[in-house]
Amino acid sequence: MSNTFDVIVIGLGGMGSATAYQLARRGKRVLGLEQYTPAHNLGSSHGKSRIIRQAYFEHPAYVPLLLRAYELWQQIEQETGKNLLTLSGGLMLGLPDSQTVAGSLLSAKEHGLEHEMLDAREIKRRFPPLQPSNDTIALYEKKAGFVHPENSVSAHLQRATELGATLHFEEPALSWEASLSGDRVRVTTAQGCYEAEKLAIAPGAWASDIFNFDLPLTVERQVMYWFDPVGGIEPFLSDRFPIYIWEAEDEVKFYGFPAQERQDGVKVAFFYKGVACTAETIDRTVQVEEIQQMRQYLAQRIPTLNSDCLQASTCLYTNTPDFHFVIAPHPQYEQVAIASPCSGHGYKFASVVGEIMADLVIDGKTRHPLDLFAPTRFLG
Ligand SMILES: Cc1cc2nc3c(=O)[nH]c(=O)nc-3n(C[C@H](O)[C@H](O)[C@H](O)COP(=O)(O)OP(=O)(O)OC[C@H]3O[C@@H](n4cnc5c(N)ncnc54)[C@H](O)[C@@H]3O)c2cc1C
């Protein structure tokens, strides 16, 4: 089987599906290996919505990547005719000196991003379900919204296949080796051995099993909740209700989305605050007490969502100590590129991460700034 493929991609979730697409688009012969089914719900890229925004409180250095991510989301939408990105507008709420508000404002100013600052009264007037305290303010960004994760993973996989990629599902990569000469890799699965010139690894919460070097990654269990609003869903529809991240007075962050399918209700979740686990040990059952805790949190802030929970499901964050991503050539093998863009905020970047991974494996470099994401920051 040697020499059939130029590049093997391990993991076809959010990042791997975009990587396979970008490589196939550039004419590479791609083999993608995924341990589960297409767009499955056992990793990090499911739950129907992921926030996308430009005024980035985590660090202004993300903004150029975001601008490119938007272009590439639109490109895959055009190529597949699927609606993947909904720009509902977005609010970053908190006290004026909170990271969420102050950091978003810093990014917006540094990159000249269009935004408005709203006080509590204006927030309530424009978005009646939200009931912030009097000293809460918000940065409003028209270009924020959400991406549909399952549909966009499927879109990337579909286009990759149309462009000639070979994708194998339910076939975990068990191990890989790379030659020190920098020009070969071999990946072993239960079905056989595959050889290629290059390897791209985007394994999400399974990174510690397959990156083949130590990184201080921790996996965190998250819960997504869908509530049936008291008084009806109309105030939450996406033509009048934004995505939001809300940093409360106790510094706990939670976030939510406009309603998508009416019968599904309105989605909210805590940002971080989950328990440590692994992809194998995660408890996928959501307890009644957890739903109760979310409802109590919403009671004062979005009172109509202190209501019946229609659905709740779990998801995995893979966090680095500083919550910035890892995207880089493998520290030992130049023909291997690795991606762990999570820490709870990676999905919106999947389109551009695909481009970066393709750059790294094909050219060994990329025009995108990756300094913030170097694994060497953890290697002493
Ligand atoms: C509840 C929740 C809410 C989030 N909200 C947001 C948000 O609003 N905005 C945002 O930008 N981000 C958000 N994120 C983060 C974002 O979803 C993740 O950063 C992103 O999904 C990570 O994609 P990934 O490709 O690294 O992981 P995954 O999509 O999990 O993909 C990894 C894939 O690799 C496969 N794999 C692993 N090992 C192997 C192997 N050995 N062989 C074959 N296949 C393998 C796995 O099965 C999996 O399919 C959220 C995450 C969660 C859980």
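Just so you know, ligand 1 is whichever comes first in the structure, and atom 1 is the first atom listed for that ligand. Predicted model, so just to flag it, every value in this text is computed and none were measured.
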Sequence-distant partners of H324, ring-ring contact (aromatic ring centres under 6.0 Å, His included), two or more places apart: H59, Y62

Electrostatic pair R25:E355 at N-O distance under 4.0 angstrom: no

Neighbouring residues of ligand 1, heavy-atom cut-off under 4.0 Å: I10, G11, G13, G14, M15, L33, E34, Q35, Y36, H40, G43, S44, S45, R50, I51, P172, A173, A202, P203, G204, W206, I210, Q222, M224, Y255, C315, L316, Y317, P341, C342, G344, H345, G346, Y347, K348

Residues in salt bridge (charged side-chain N to carboxylate O under 4.0 Å, His left out) contact with E34, at least two apart in sequence or another chain: none

Aromatic plane relationship, F257 with Y255 - under 30° parallel, 30 to 60° tilted, over 60° perpendicular: perpendicular

Transitive ILVMFWY cluster of I52, excluding itself - 4.5 Å side-chain cut-off: V7, V9, L12, Y21, L23, V30, Y70, W73, I76, L84, L85, L87, V147, V153, L157, L163, L167, F169, Y347, V361, I362

Near-ring test Y272/H345, centroid separation under 6.0 angstrom: no

